[in-house]
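Worksheet: the structure to be examined is printed underneath.
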Amino acid sequence: MKIMKTQNGNSLCLALEGRLDTNTAPELETVIKGSIDGTAELTIDMAALDYLSSAGLRVLLGAQKIMNKQGSMRVTHVNDTIMEIFEVTGFADILTIEKA
Amino acid sequence: MVLQKKTAFLTVALFGALWLWGCKSGETEKITSIEQLNNPAYTIGVPEGGAGMYMAEKYLPKAEHKTFSGNSSGYLAISQGKLDGFVYDRVMMEFAIASGLEGVEILEENLGESMDVAVGISPKSRIDNLKEKVNQFLAKAKAEGTLDDMYDRWVSRAEGTMPEIPAPQMPDCKLKVGTTGTVQPFSYYEGTTLTGYDVELIYRFGAWLNAEVEIKIYDYDGIIAAAQAGDIDCIMANLNATEERRKHIEFSDCVYPSVTAVMVRSQQGSGTEAGKIYETLSDFEGARFAALIGGVYDKLLQEVIADAVSGSMSITEEREKKVDFADSHYDSAMVLLVRDAGGAVQKNGFFAGLEDSFQSTFVVEGRWRLILQGLGITILISVFSGIFGLCLGFGLCMLRRTGCRPVQWFGAVFVRVIQGMPIVVFLMILYYGIFGSVDISEILVAVIGFSINFAAYSSEMMRTGIETVDKGQSEAALAMGYTKSQTFFKIVFPQAAINFIPVLKGEFISMVKMTSVVGYIAVQDLTKVSDIIRSRTMEAFFPLIVTAVIYFAVANVMTAALSFAERKASPKRNKRRIKGVCM
Amino acid sequence: MADKYESQSIISIRHLRKEYPNVTPLRDVSVEIKKGEVVSVIGPSGTGKSTLLRCINLLERPTKGVITVDGVIATDKKCKVNLVRKKMGMVFQSFNLFAHKTIIENIMMGQVDLLGRSRQEAYDRGMELLRTIGLGDKALAYPDELSGGQKQRAAIARTVAMEPEIILFDEPTSALDPTMVGEVLSVIRSLAMQGMTMMIVTHEMKFARDVSTRIFYMDQGEIYEDGTPEQIFEHPKRERTRIFIRQLKVLHVEKISRDFDFPAFTTQLEEFGRRQQLSQRQIYAMQLAAEEVLMQKLLPAAGEAGDMDISLDAEYSERENLAQMRFSYGGPSFHPFGSGEDLSGRVIKGMSKETEHMFSNGVNHFIISI
């Protein structure tokens, strides 16, 4: 998985590419933890993400919990399959999601 | 009529082709002496094994030699220009010319010394001391003047009448004598009757010996082998007692001495004889004529030009002795020429020739009966060999299908051996070898030989025919509860038959044609009979064409008959109904 | 041995084995076939179905074993095989009507030659049979003038005319155009309804299921599973039967451990899915199932429970358009999502049609249908 980080003032955009699974989730977790301080607006761009498993969901949930305290978080460009994952797990209600 | 035209056309085409071929070697200078021929540029014909061959090898070693088994094929070869010279017995060659052989002449000088003509004695004869008996008989006949009288009648005067020689009433033994049947005046057919000097000698010897006589007909190349194998007791066929032959069989004392001469082509086109234009009948004065004794032309010619035979015939010493015979022998072709030149039927020359050939081949001496006999034997051999061969072939095919390996192997080897051998060789092995010392009819040997041969081929065809029947067919029958043999005979074989009958038909027809080689084992079939007739008429084509046409007809009739049977056997072509059922 | 069970059975086979120099199509077959049974023999190609049939009527000689037909030991050397065969009709894949005889003659021949009927009787019986199968007007035709379906119907009539105790059908419709299969099957079906004892080697599953009273599933030279159509088609007990019945395509991985190369397997699974032309959604769900179960549950648990001997079959049934991820692992009974609904459990439940856990003989089976 590739992570493209774009910092614009206090807004941070992370564009994900590839597979976010058990193996790659810790990587994303590290990036988020390292750059989330002082961020008021976090955007996770999933336009190039192919796959998302429960491991990725847990990282997203952790990020959402932090951002609930210091600003807002959006998940953008979500494709149909990943949207289904969000829906069946109830994440659709927790996260702010913008479909592709 | 249509057939006649077709035959005529075919004949013309054949004549044309052969004439063209003949031309190639025709451009040589005229041969006037024997020594001229002793040159590699010249091809001479020699008779197989005879005195001619012996003399030619001795005195004309440089010339190219071509061997002929019968004299008539040698005559035809030289008259067509395929040979430059033909070395043979002088008397017989003169007879041939007298009988109508054209475009040839005999050189005056003799080739080599004279050679004994003697009776060949089989070393395996069952008659004790046969050689001594023959010599006793000959000595007696010589002393009584019988031999001289015979020579005078048959050879010098060419009367051709066989005296009455009573056959012994209570024969002590059986005497089997071989002769050729194709050499006038010694042993030849007049109509269907064998006659000639040698034949008279045979009957006389038989009477003297108080033996029942059986005469068998062979070519010169088969006759020695037959005597050697013991198929015949002796040979009376104006046989020269050459050194080579003495190695194989014994010979009696001399019957008469023969001299060898050389026949060459006479200069056609430029020679006076052939170049002369005959305009009126009187022009024929001095021309040479010959006609068949007792034939229609004989009489005709004598009526028309009574004094024709008087003039400038080149008379040699030998001929001088035979003025008599020359008197009464007229060339039938020359009679035709007379009519041609007379202008009466000029345009129909070819057809008249055809008619004439027809006469001499069929009508004269009732030769059609001979042809009919030959045809009968050809059909007999073919049909019986076909039937027995089929049965034997089926057995052989069954052998090869048994589970037993050695039996299969035996069958396979048998088939291979038979298929790999020329039928002539096989027949001769049977006749001279296996049945050599058994008193068995040659026709039976031929039937046995062809049956075995046909069996080998038909068994292979049946085998492949059976193998092509789908395995499912026999499985279905077995599954229904048929036994193995029921399955084979009711289901597999009938279907195989549909497969192999057409092939078998072709094989049978080719066997019919192959039977033409039975002459090698003294069977007088259609081909052999046509040889005999040719030896009398001195004609190359007509008897051969006739033979070909008869074979063609026989083959086609048999094909038609087999096709009819095939149609009957093939289920689908039959009307569809079920036997024994009320529908 | 002549107990009640034995006397009812028309064919009894004991330890039948058939070997060829290179292959052994029949390893060990023991089975009883009772009067009135309609047995369909199904299974993959080359597993000895036809060989079994051909051994029963001794078109193939068994290498070992005893076959008893109607009380007669057919494999006995002294036995008159043709008499035994008379009791067993056989219908072939390639019809094998006698090519040189008309259809009616085909049917008459055996009756006349083997049953001793008069030609008239044989004809009447033949025509009666031909009319019932709608070939009355083809009586005088030759086999090659008939269509494949007509040939096979005539071949069945020929067999029936011999009044056998049992008819063996060796793939009766395999050589036919699809359009002609129906007419032949309906003839066999009507025979079944008349109570004819039959043994049918076939690839027509629906037909086998409808017409049979009993199914043999043959695999690797054995009768692998023997049961009623319901048992075999609905609840196959054994693995290979199930795979065959549901026409499954399988990707099998075994001995999965901590060192398992999961990314490589993901690619493998994707290729498998593409080959079977699964949708992207199905492939995704299969990958998810593998990841959630293996990576999130089983492998972490394996660390605690020692070697679990995990294997996984990814299966796809084209006919049902159903993919299944079948996990099996040793150890104590363990449901991966048993302890309440965690995130992995929710993902799996949401993305699959059904999940199932079974535990037997110390092995867990966990099945996710997608």
Side-chain angles (χ1 to χ4, degrees), chain A residues 1-3 16-30 32-33 44-68 73 75 77-97 99-100, chain C residues 256-271 273-274 278-303 310 312 323 325 336-337 339-355 368-370:
Chain A
M1 187 182 68
K2 267 200 215 162
I3 304 168
L16 308 180
E17 190 183 335
R19 300 172 68 88
L20 180 56
D21 59 14
T22 314
N23 290 340
T24 54
E27 208 182 310
L28 178 63
E29 192 168 12
T30 314
I32 290 174
K33 275 186 180 156
I44 310 281
D45 184 355
M46 293 193 172
L49 191 71
D50 298 325
Y51 178 89
L52 173 68
S53 72
S54 65
L57 289 176
R58 283 192 197 93
V59 176
L60 291 179
L61 187 62
Q64 183 67 50
K65 279 179 182 165
I66 297 167
M67 289 310 295
N68 280 347
M73 177 175 129
V75 181
H77 301 107
V78 176
N79 70 28
D80 287 345
T81 323
I82 292 174
M83 190 62 210
E84 201 183 344
I85 304 279
F86 286 139
E87 275 163 4
V88 299
T89 50
F91 272 50
D93 303 328
I94 304 165
L95 306 177
T96 310
I97 297 166
K99 288 221 277 181
Chain C
I256 298 169
S257 71
R258 282 243 163 128
D259 308 326
F260 184 56
D261 185 353
F262 185 73
F265 177 68
T266 308
T267 316
Q268 230 180 321
L269 206 53
E270 178 139 11
E271 277 170 12
R274 291 245 172 81
L278 299 188
S279 70
Q280 202 55 48
R281 158 82 173 64
Q282 280 170 313
I283 296 171
Y284 193 106
M286 285 171 90
Q287 289 177 340
L288 260 182
E291 185 183 339
E292 301 304 340
V293 175
L294 290 172
M295 307 301 285
Q296 297 293 329
K297 298 294 170 188
L298 293 182
L299 290 176
I310 306 166
L312 165 61
M325 298 294 282
F337 309 118
S339 54
E341 292 262 300
D342 70 347
L343 194 54
S344 290
R346 289 221 300 279
V347 167
I348 292 304
K349 201 170 176 194
M351 295 299 285
S352 66
K353 286 183 183 149
E354 196 182 4
T355 62
I368 302 169
S369 303
I370 295 153

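Chain letters run A, B, ... following the sequence lines, proteins first, then strands; residues in each count from 1.
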Taking every heavy-atom pair that is under 4.5 Å apart, which of A/Asn23, A/Leu61, A/Thr22, A/Val88 has the most such pairs with chain C?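 Heavy-atom pair counts peak at A/Thr22.
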How far apart are the closest heavy atoms of C/Val347 and A/Ser54, and which atoms are they?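 Residues C/Val347 and A/Ser54, closest heavy atoms: CG2-CB, 4.1 Å.
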Atom of A/Leu52, atom of C/Leu288 and distance for their closest heavy-atom approach: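 Distance-wise, the nearest heavy atoms are O-CD2, 3.7 Å.
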Determine whether a donor-acceptor pair (N or O, by modelled atom type, separation under 3.5 Å) exists between the side chain of C/Tyr284 and the backbone of A/Ile82.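 Pair absent, no side-chain N/O of C/Tyr284 close to backbone of A/Ile82.
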Residues C/Glu291 and A/Tyr51: side-chain donor-acceptor under 3.5 angstrom: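 Result is yes, a qualifying pair exists.
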Does some side-chain heavy atom of A/Thr81 sit less than 4.5 Å from a side-chain heavy atom of C/Gln280?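 With C-beta onward as the side chain, the pair stays apart.
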Looking at side-chain heavy atoms only, is the closest gap between A/Asp21 and C/Gln287 below 4.5 Å?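 When only atoms from C-beta onward are counted, C/Gln287 and A/Asp21 do not touch, as no gap falls below 4.5 Å.
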Just how far is it from atom CE of C/Met295 to atom OG of A/Ser53, taken to the nearest 0.5 Å?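 Output value for this atom pair is 9.5 Å.
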So which part of A/Arg19 gets closer than 4.5 Å to some heavy atom of chain C, the side chain, the backbone, both or neither?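 Looking at A/Arg19, just its side chain touches chain C.
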Side chain / backbone / both / neither for A/Asp80 at chain C, heavy atoms under 4.5 Å: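 For A/Asp80, neither part sits under 4.5 Å from chain C.
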